[in-house]
Amino acid sequence: KVVILDTGVQKNHPQFDRTEIVNLKFNDSQNWEECDDHIVNGHGTAVASVLLKYVNTDIQIISMNIFNKEEESDPFLLISALNYIYQNIECDAINISAGIHQDFPELREVCSLLKEKHIKIVAAFCNSGLISFPAAYDSVIGVDATTSVTRIDEYIYVRGSMVNVGAMSTNQRVAWTDPAYVIVRGNSFITPIITAKICNLLADGVAF
C-alpha cells in the first residue's frame, strides 16, 4: 500500500483500470475524507502512472491532495496528511514528489514518527537545487537527479549527503488529466521509480 501526497490522482484514467485507488481530500471540517476525485492538475496522476510502470507487485494507492488552489504544495496540508497517515493508515511507503523550502519542527517530527513505524518516505528534491523538505530529513529517502547513471531504471546511493539517491532525469510519457498523456521530466517523476523499487524489495521479503 502506497500513499501518494500530490495534486490528486484521476482514478478513472485508463492507465489505472487494474489498480485500486482511494482519493482523500481535506474537508471543511478540518479532516480527511474519501472522495471520487479531488485534483488540482495532472501532476499526481503522472506520478502514480510512473509508480505503476516500475512496480512488480500489486499495490493499492491512496492519494491525498496537499496542493492549494494556487497549485503550490501547502505546508499545513503536508503536515496534516502525514499526521493522518501516522494515526489512521497502515501503509508501506509514502511518495512525495513535492516539497517546501522551510524546515517546520512539526514536519520533522511526524516524519521521524513514521520512520519508527517502518514506513518508507520517499521525497523529491527541488529541480533548481534548493534544499527541500521533507527530502532533506534523515528519516526520509531524498531523491535528486544525477549524471552518474545513464539509464532511467538505474540509481546510485549517496553517502554522507542530504541527497540519498541519485537517478537519471529524462523525458517520460506519463498519464495526465487533460490531455490524457504528456511528456515530462524532473525529480518529481524519478522519485516514484525509487518508491517502486522499494515496493519491489518489500514484496520480495527484503527488510530494511
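No continuous path of hydrophobic side-chain contacts links Ile4 to Ile194 [ILVMFWY only; heavy atoms under 4.5 Å]. Under a hydrophobic-cluster definition in which Ile, Leu, Val, Met, Phe, Trp and Tyr are linked whenever side-chain heavy atoms come within less than 4.5 Å, directly or via other members, Phe16 and Ile62 are assigned to different clusters. One hydrophobic cluster, built from ILVMFWY side chains closer than 4.5 Å, cannot hold both Ile198 and Val2; they sit in different ones. Cluster membership for Phe67 and Ile121, using ILVMFWY side-chain heavy atoms within less than 4.5 angstrom, is shared. Tracing side-chain contacts under 4.5 Å through hydrophobic residues (I, L, V, M, F, W, Y), one reaches Phe133 starting from Phe76; they form part of the same cluster.
Using a 4.5 Å cut-off on side-chain heavy atoms (C-beta onward), Val47 and Thr191 make no contact. Two residues are said to be in side-chain contact when any heavy atoms from C-beta on lie closer than 4.5 Å; Leu202 and Val206 fail this criterion. Side-chain contact between Asn171 and Val184 is absent, with no heavy-atom pair separated by less than 4.5 Å. Contact annotation: the side chain of Tyr84 approaches that of Met64 to within less than 4.5 Å [non-hydrogen atoms, C-beta and beyond]. Side-chain contact between Ile85 and Leu5 is present, with at least one heavy-atom pair separated by less than 4.5 Å. Within the 4.5 Å cutoff, the side chain of Leu113 has heavy atoms near those of the Glu116 side chain. The shortest distance between side-chain heavy atoms of Phe125 and Val143 does not fall below 4.5 Å.
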Quick one: side chains of residues 20-31, donor-acceptor pairs under 3.5 Å with protein atoms, not counting sequence neighbours, listed by atom name and distance.
| residue | atom | partner | partner atom | Å |
| --- | --- | --- | --- | --- |
| Glu20 | OE2 | Gln60 | NE2 | 3.1 |
| Asn23 | OD1 | Ser63 | OG | 3.0 |
| Asn23 | ND2 | Val9 | O | 2.9 |
| Asn23 | ND2 | Asp36 | O | 3.0 |
| Asn23 | ND2 | Asp37 | OD1 | 3.2 |
| Asn27 | OD1 | Ser29 | N | 2.9 |
| Asn27 | OD1 | Gln30 | N | 3.2 |
| Asn27 | OD1 | Asn31 | N | 3.0 |
| Asn27 | ND2 | Glu33 | OE1 | 3.3 |

Using a 3.5 Å cut-off and no angle test, enumerate the donor-acceptor pairs between side-chain atoms of residues 156-167 and protein atoms at least two apart in sequence or in another chain.
| residue | atom | partner | partner atom | Å |
| --- | --- | --- | --- | --- |
| Ser161 | OG | Val163 | N | 3.0 |
| Ser161 | OG | Val163 | O | 3.4 |
| Asn164 | OD1 | Gly142 | N | 2.8 |

With a cut-off of 3.5 Å and sequence neighbours excluded, list every side-chain donor-acceptor pair involving residues 89-103.
| residue | atom | partner | partner atom | Å |
| --- | --- | --- | --- | --- |
| Asp92 | OD2 | Lys1 | N | 2.9 |
| Asn95 | OD1 | Thr195 | OG1 | 2.7 |
| Asn95 | ND2 | Ser97 | OG | 3.0 |
| Ser97 | OG | Ser188 | O | 2.7 |
| His101 | ND1 | Ile131 | O | 3.1 |
| Asp103 | OD1 | Tyr137 | OH | 2.7 |
| Asp103 | OD2 | Arg108 | NH2 | 2.5 |

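Among residues two or more places apart in sequence or in another chain, the side chain to side chain donor-acceptor pair (under 3.5 Å) test is passed with Trp176 by none. With sequence neighbours excluded, the residues that form a side chain to side chain donor-acceptor pair (under 3.5 Å) with Ser80 are Trp32. In this view, Asp153 and Tyr54, Arg151, Lys197 satisfy the side chain to side chain contact (heavy atoms under 4.5 Å, CB included) rule, not counting sequence neighbours. Every side chain to side chain contact (heavy atoms under 4.5 Å, CB included) that Asn127 has, sequence neighbours left out, goes to Asn187. For Thr7, the side chain to side chain donor-acceptor pair (under 3.5 Å) test picks out Asn41, with sequence neighbours left out. Every residue meeting the side chain to side chain donor-acceptor pair (under 3.5 Å) condition with Ser148, not counting sequence neighbours, appears here in chain and number order: Thr146. By the side chain to side chain contact (heavy atoms under 4.5 Å, CB included) test, Thr150 pairs with Glu154, sequence neighbours left out.
Counting only residues at least two apart or in different chains, salt bridge (charged side-chain N to carboxylate O under 4.0 Å, His left out) contacts with residues 161-175 are absent. Within the structure, ring-ring contact (aromatic ring centres under 6.0 Å, His included) contacts touching residues 178-208 (residues at least two apart or in different chains) are His13-Tyr181, His43-Phe189.
By the 6.0 Å contact criterion, CG on Asp17 is enclosed, its count of non-hydrogen atoms from other residues, nucleotides or ligands being greater than 12. Few gaps surround NZ on Lys117; more than 12 heavy atoms of other groups in view lie less than 6.0 Å from it.
Nearest heavy-atom pair, Pro192 versus Leu51, reported as atom, atom and distance to 0.1 Å: O-CD1, 3.6 Å. Contact record, Ser49 with Val174: OG-CB, 3.6 Å, taken as the closest heavy-atom pair. The heavy-atom pair separating Val140 from Ala123 by the smallest distance is CG1-CB, 3.7 Å.
A side-chain donor-acceptor contact under 3.5 Å links Ser169 to the backbone of Gly186. Put simply, the side chain of Asn200 gets close to the backbone of Asn56: a donor and an acceptor are under 3.5 Å apart.
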- Apply the test side chain to side chain contact (heavy atoms under 4.5 Å, CB included) to residues Gln172 and Ile193: give CA-CA distance (whole Å), side-chain angles for both, the deciding distance (0.1 Å), then the verdict. CA-CA 12 Å; Gln172 299 185 65; Ile193 298 176; 4.2 Å; yes
- Message: Go through it in stages, so that I can follow the logic: the residues are Leu114 and Leu82, the test is side chain to side chain contact (heavy atoms under 4.5 Å, CB included), and I'd like the CA-CA distance, side-chain angles, deciding distance and then a yes or no.
- Response: CA-CA 8 Å; Leu114 288 162; Leu82 290 169; 3.7 Å; yes
- Task: Go through Ile66 and Asp6 one step at a time and tell me if the side chain to side chain contact (heavy atoms under 4.5 Å, CB included) criterion holds.
- Result: CA-CA 6 Å; Ile66 60 164; Asp6 213 285; 5.7 Å; no
- Task: Could you walk me through whether Gln10 and Asn12 pass side chain to side chain contact (heavy atoms under 4.5 Å, CB included), step by step?
- Result: CA-CA 6 Å; Gln10 183 184 338; Asn12 64 348; 3.0 Å; yes
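One distance of note links CG of Asp138 with OG of Ser112; it measures 8.0 Å at 0.5 Å rounding.
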